[in-house]
Amino acid sequence: MKDTKESFVTEDGRHIGSVIMEMRNITLRFGGVVAITNASFDIREGEIRAIIGPNGAGKSSMLNVINGFYHPQEGEIWFRGKKRPSLRPYEIAEQGIARTFQNIALFKGMTTVENVMTGRQLMLKKNFLWQLLRIGPALDEEVVHRRRCEEIIDFLEIQAIRNSPVGSLPYGLQKRVELARALAMEPKLLLLDEPMAGMNVEEKEDMSRFILDVNDQYGTTIALIEHDMSVVMDLADRVVVLDYGKMLADGTPDEVQKNQAVIDAYLGVEH
Amino acid sequence: MFYREAGQFKTSYAEYLQALPLREDKVGIAIWLLLAVFYVPFFGLPGLEYTFAMNAIMIPVLIFTITALGLNILVGYTGQISLGTGAFMGVGAYACYKLTTYFPDVNIILIILASGFVSAAVGALFGLPSLRIKGFYLVVATLAAQFFLEWCFIRVEWLYNYNPSGAIEVPQREVFGIVVTGAAASPATRYLVVLGILIFLTIIAGNLVRGRIGRSWMMIRDMDIAAELIGVRPLRAKLSAFAVSSYYCGVSGALMVFLWLGAAEVESFDVNHSFLYLFMVIFGGLGSITGSYMGAAFIWTFPILLKELGKRVFDIDSIIMENVSLVAIGMLIVFILIKEPHGLARLWQLGKQKLRIWPFAH
Amino acid sequence: MDGLIYSILGDPFVQMWQMPDFFIQVIWEGFVSGILYALIALGFVLIFKASGIFNFAQGIMVVFSGLTLVGLHALGVPAFVALLMTIVVMYGLAFGIERLVLRNLVNQPDIILFMATIGLTNILIGGGQWIFGSETKSMITTELLIPTGSSVWEPGGGLVIFQHIDIAAAVIAALLIVSLALFFSKTKVGRALRAVADDHQASLSVGISLNQIWVITWFAAGIVALVAGIMWGARSDVSFSLQIIALKALPVLVLGGFTSVPGAIVGGLIIGVGEKLFEIYWGPLLGSGVEGWFAYVIALVFLLFRPQGLFGEKIIERV
């Protein structure tokens, strides 16, 4: 892997851009427990970046640091060429970072299409007075964004459930609605926390296809946590390996697979 | 057979996003409106004496519907429980009283609508703790508002113009030569004014909850952490819910005193009333505009009808009937929570769903 | 301006110093009502710990139990038989609530259960007044052999009066709390209760019957309510206007934390003593009646700085 900030093209012809986000020496503690120790890695524009590691390795904590839910005690986060100050989660959403959750965090009282519409909240600009009249510009705005949401719903093939309350949907579909909601934010950086957890093979294949399509069609940079190694190896351009909050390795799937420390700690010695 | 969406095609999203996309619903609302405007003011309710129907049922029900709409915005749409509704209505009523004292010539309807803003400000102030406090702890915060404001209504004599009785008494006011408030105002006039304001506020509530602001409320209600990660500012969302909710409560409080009771003391705004309004919202349906109508109508009229029934048919003492209706309402609340936690509105919706696919079961 | 500062920060303390006997009297009065707040709060905590339900009806259970006791006695039942019968009624209530309400609302969101207990409040108020009448009644204090005289203490020429009822209230409350603590730590049922409080599903998996546990907790809360009802009724009267006072258990809970028994006791005493002192020494500045809201406002201010209560654990949010 070239150690350069410039963009380049991988062997299989994918365009990987310059660094969009860089984590420098991140350390995160909860009281006496250290969740992440001195972790540094970067995410490049247009790539699919995987964060892997055994349970309790600090993967979810890392995503929570990236989108501002946790604030690390040490280290710096650089986003799009600027050092990021400590921000509230909604300010980070405004910067164009969206995510999905390990334990689905949909708005259970709303339907699928309403959930997807919540992703457009930041793009709806008309003020309170327009909102309460709901005519002219406010309605136009609502219609424009509604159309966009319907496109995303089509794209993820969930038209059939667009008016169903999300609480009653099966698990796999809920995961898909959550992805739709994140996509509706048109993020610069999309964080996926175990997008395929608890899915059967077929659902995993569908989800993998969607992730690749999103990356391909919209050029969205994706950072994902995943347990299924075969999925990670297929999807990811580069992989970070964490273990007990420490960085074990960072590189292409091939490089990581060959790394002895990774084999010992995570993949295990072959039986 | 009568209620079908078949054949009604939407050709644009704007059409799809209407409040009542189905033609049958539009016709239904139109019939209700025609009855409310052209029948009730002249004939009251069928089978009931006219002044009784207007003063004891129609006017209070419409006023409490505004309250229920307001409380539903807070509890049903934003998920913040409040037991301070009575006091927020009081703020509206006292504000209205002070405003008419200072501006005796201004149109009373404008003053009523303006007094809601005072209530909104007080509501937002007492909503501030909701940023740090969640769930049941917030109940205590709203009770603090309730009891502190009740105390103010007694101790701050300026609020009732140093009236020795401690009550606010409604002066006579005319709008375009028609007496609207005071003893000389006819029930029909008062009814129509309340109805007009209710329709206006219903449309606004409907618009708000379907748009950006309503969604931000529901996001906070369903999962506040996820809402913040998507870009909702909790401060803005919660305070706007408190303010809008209290605006509705304030207007309904002003209407309650000026167009219904004619005079009021602190008892009209006490914590027992706060419970009553909460019942309306639960029973009608949390997070539903239709539910606010149904809840207010049911919770208000049920004890009255029960009492009349007891008196006329079984000759039972009205105090006993009052207790019977307390028990009955309590049981109905528990019953509906068990059977359908989303209240009458959901039952109504399910009924319509059944009708839509009739004669098939599924 | 100086005068105002003095009347807030100076004068009340001078008064306390000049009339120490009156000061002690105020503290004592506050202490006794604090014990009663603590008893109501204790009932809340028991139920909240065992089932996660915020039982809004706890305050009404206090009045209801007192009313049942007095009402039965008025029907000619001897005092101690009436007491036993009231205990049976409270068991029946716990059983009925579990069977008819809780069992049907398992797995519903907390807010729904909370609202169900508000509905329950209505049923208890209406039912109590329907059966026993809505007029104010006095507690059958002497019949239950609760001492009613008073003792006078004269420290340095002053005068402090201790009502025997108040002393009895303090002693009985202390006994009740000790026996509850023993019940929780020493008996099999008590251990099961604590297991349920920790983790519902885990306790189910080791063979504890949740339904049974709920009946027992609601019954225990009912007994606590009965004791509070008797003591309270003996100090004032038995009527449903007490429900407003019973609501003060809520700020007590906020102070103490929803799951902490010591918190309920300490919180109750802080609120009881604090509001008496405030009413007597600072109340005249604002006009009387500040007792009505003082507890809530203190709780509110407290919440802003420590949302988890005095003894509660800090909540770490996760996604």
Side-chain angles (χ1 to χ4, degrees), chain A residues 63-64 67-69 88-101 104-110 113-115 117-135 138-150 166-167 178 181-182 184-185 187 191, chain B residues 5 10 12-19 21 73 76-79 120 131 200-237 239-240 243-244 247 285-288 341-342 346 349 353:
Chain A
L63 281 201
N64 281 329
N67 77 350
F69 192 66
R88 301 282 308 158
Y90 58 81
E91 292 172 305
I92 289 178
E94 284 163 13
Q95 289 193 346
I97 299 182
R99 74 171 287 179
T100 66
F101 300 83
I104 297 165
L106 286 171
F107 302 113
K108 294 225 160 40
M110 306 188 195
V113 69
E114 283 171 337
N115 264 280
M117 270 302 273
T118 62
R120 309 298 283 189
Q121 282 296 94
L122 285 171
M123 291 167 229
L124 297 168
K125 299 290 184 199
K126 291 288 165 282
N127 67 20
F128 191 80
L129 278 176
W130 280 118
Q131 293 291 336
L132 62 83
L133 294 173
R134 203 178 159 87
I135 47 166
L139 191 57
D140 294 347
E141 185 184 65
E142 190 87 5
V143 168
V144 166
H145 289 283
R146 171 72 178 234
R147 172 166 303 142
R148 191 74 192 85
C149 287
E150 299 282 0
V166 291
E178 218 188 11
R181 183 179 72 184
M185 292 173 73
L191 311 172
Chain B
E5 59 188 287
K10 305 291 176 242
S12 73
Y13 284 115
E15 249 175 74
Y16 195 83
L17 294 174
Q18 286 172 339
I73 283 172
Y77 284 98
T78 322
L131 298 175
F200 172 66
L201 290 178
T202 305
I203 293 169
I204 286 181
N207 287 344
L208 280 177
V209 298
R210 284 181 299 141
R212 168 171 68 86
I213 294 180
R215 270 195 299 274
S216 74
W217 293 338
M218 291 186 269
M219 289 162 81
I220 290 284
R221 172 195 68 189
D222 285 349
M223 191 155 279
D224 53 350
I225 294 173
E228 197 176 345
L229 292 171
I230 290 178
V232 170
R233 291 167 183 248
L235 178 84
R236 237 184 246 177
L239 287 196
S240 64
V244 173
Y247 179 84
L286 289 165
S288 160
H342 289 90
R346 179 61 61 86
Q349 208 185 347
Q353 199 64 33

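No experiment lies behind these values; they were computed from the predicted model shown. By convention in this document, chain letters (A, B, ...) are assigned in the order of the sequence lines, proteins followed by strands, and residues within each chain are numbered from 1. Computed over heavy atoms, backbone and side chain alike; hydrogens, waters and symmetry mates excluded.
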- Note on the structure: Of all heavy-atom pairs linking Glu142(A) and Arg210(B), the shortest is OE2-O, 3.4 Å
- Ala98(A) portion near chain B, given a 4.5 angstrom heavy-atom threshold: neither
- Message: Which atoms of Met110(A) are under 4.5 Å from chain B, going by heavy atoms: the side chain, the backbone, both sets, or neither?
- Response: both
- Message: Report which part of Ile92(A) has an atom under 4.5 Å of a heavy atom belonging to chain B: side chain, backbone, both, or neither.
- Response: neither
- Any side-chain heavy atom of Gln131(A) within less than 4.5 Å of one from Glu141(A)? yes
- Message: Looking at chain A, which one of Ala205(B), Gly211(B), Gly206(B) has the largest number of heavy-atom pairs inside 4.5 Å, strictly under?
- Response: Gly211(B)
- Query: Closest approach of Arg181(A) and Asn115(A), non-hydrogen atoms and distance?
  - Reply: CG-O, 3.3 Å
- Message: Please rank Ile230(B), Val244(B), Val232(B), Ile204(B) by heavy-atom pairs under 4.5 Å with chain A and give me the top one.
- Response: Ile230(B)
- Checking heavy atoms, do the side chain of Gln121(A), its backbone, both or neither come under 4.5 Å from chain B? both
- So which heavy atom on Ala184(A) is nearest to which on Arg120(A), and how close? O-NH1, 2.7 Å
- Item | Toward chain A, the part of Arg221(B) with a non-hydrogen atom under 4.5 Å | side chain
- Message: For Ala227(B), which atoms come within 4.5 Å of any heavy atom of chain A: side chain, backbone, both, or neither?
- Response: both
- Message: What's the separation between atom CG in Leu122(A) and atom CZ in Arg233(B), rounded to the nearest 0.5 Å?
- Response: 8.5 Å
- Query: Which residue, Arg146(A), Arg147(A), Arg148(A), forms the salt bridge (charged side-chain N to carboxylate O under 4.0 Å, His left out) with Glu150(A)?
  - Reply: Arg146(A)
